[in-house]
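Following: one structure in structure tokens, then a few remarks.
All heavy atoms count here, side chains included; hydrogens, waters and symmetry mates do not. None of the values given here were measured: they were computed from a predicted structure. We name chains A, B, ... by the order of the sequence lines, and we start the count at 1 in each one.
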There are 2 protein chains.
Amino acid sequence: MSRSNPRVLSTLERAGGFASAQEVYKLMQREGEKIGLTTVYRSLQSLVNDKIVDLLRREDGEAIYRLCGEHHHHHLVCKSCGETVEIEGGAIEKWAKSMAEEHGFRDVGHTAEIFGICSKC
Amino acid sequence: MSRSNPRVLSTLERAGGFASAQEVYKLMQREGEKIGLTTVYRSLQSLVNDKIVDLLRREDGEAIYRLCGEHHHHHLVCKSCGETVEIEGGAIEKWAKSMAEEHGFRDVGHTAEIFGICSKC
DNA sequence: ATGGAAATGAAAATCATTTTCATTTCTGCT
DNA sequence: AGCAGAAATGAAAATGATTTTCATTTCCAT
Ligand SMILES: [Zn+2]
Ligand SMILES: [Zn+2]
Ligand SMILES: [Zn+2]
Ligand SMILES: [Zn+2]
């Protein structure tokens, strides 16, 4: 396992904490950083392992990486500008738990995201 | 736009209503059906457009297609065998709506899935 | 039957991601 | 400083799903 190259994390931050590997790579190129695409991929993977960033998927399946607080939470995302608000999911947590119990499922997790258009857009 | 080849839908049903394009294709091959991979892709896309199947993503980003009732609902999925239960999301609907309002978002939608291990597994 | 539209599928193209592997950089030790 | 092994790096090739191209076939209405 390789450690994350700190410039990758820093670039992801600069990108608004929300970008694909290809985007991070292109951004670093434009800014004159000398780095290989492979290292960008490896660093982002490593950040995901360390739970420093979330890995999710665009509609087309491309992986996007998002900087992320440490506790369990959900997101409210602007479909237009990408602005992301971390929100608490109290109601979801209970819903997931009760639904799982009702149907006899164990070891349950869940995903929940809200997306729309933010007030600025 | 092309119409969906009915044998594709029928195969997806036979697969348990849950498969990737590649899997549907391989299954049809094994069963001696004469069909091209391109047609399988086109048919599945068309079924998604018509909202007859859901399109979601495996962890690795591969698209999987799932037969699906017609009204808005959520899913409880077994990570082991893939068994899927359609569930109502009353609590989620309210949560999503209130969170969105609270942060000034409009045109909001949401996704929510619960996954765990079913009682059989 | 006939002409145009829709469907089909083989092959090539695309594109994100992973793998390979040789080279470079780092680290601890003498 | 000098050296050895470990870790990091990145260019190029490989992979694999999905899309595009395009020529051919099937349908359908007249
Ligand atoms: Zn916005
Ligand atoms: Zn939650
Ligand atoms: Zn199961
Ligand atoms: Zn809902």
**Request:** Tell me whether the OP1 or OP2 atom of C:dT8 has a side-chain N or O from B:Asn5 closer than 4.0 Å.
**Result:** yes
**Between C:dA10 (C1') and B:Gln29 (CD): distance, integer Å** = 13 Å
**Request:** Give the rounded distance in Å between these two atoms: CZ of A:Arg7 and P of C:dT25.
**Result:** 13 Å
**Prompt:** Between A:His110 and A:His74, how do the two ring planes meet: parallel, tilted or perpendicular, split at 30° and 60°?
**Reply:** parallel
**Prompt:** Is a donor on one side and an acceptor on the other found under 3.5 Å between the side chain of B:Asp60 and the backbone of B:Glu62?
**Reply:** yes
**Request:** For nucleotides 17-28 of chain D, just jot down a letter per nucleotide in 5' to 3' order: B, S or -, based on protein non-hydrogen atoms under 4.0 Å.
**Result:** SBBB--------
**Prompt:** To the nearest Å, how far apart are B:Glu59 CD and C:dT18 P?
**Reply:** 13 Å
**Message:** I need the CZ-P distance between A:Arg3 and D:dT9, as an integer number of Å.
**Reply:** 10 Å
**Message:** Rounded to whole Å, how long is the line connecting atom NZ of B:Lys34 with atom P of C:dT8?
**Reply:** 13 Å
**Complete:** One should read off an interatomic distance between A:Phe115 CZ and B:Asp107 CG, to the nearest 0.5 angstrom, of 11.5 Å
**Fill in**
Separation of D:dG10 atom P from A:Leu44 atom CG, nearest Å, is 14 Å
**Message:** Please check if the number of heavy atoms outside B:Glu31 that lie under 6.0 Å from its CD is greater than 12.
**Reply:** yes
**Complete:** Separation between CD (B:Gln45) and OH (B:Tyr65), nearest 0.5 Å, reads 6.0 Å
**Asked** Got a second to check how far B:Glu23's CD is from B:Leu12's CG, nearest 0.5 Å?
**Response** 10.0 Å
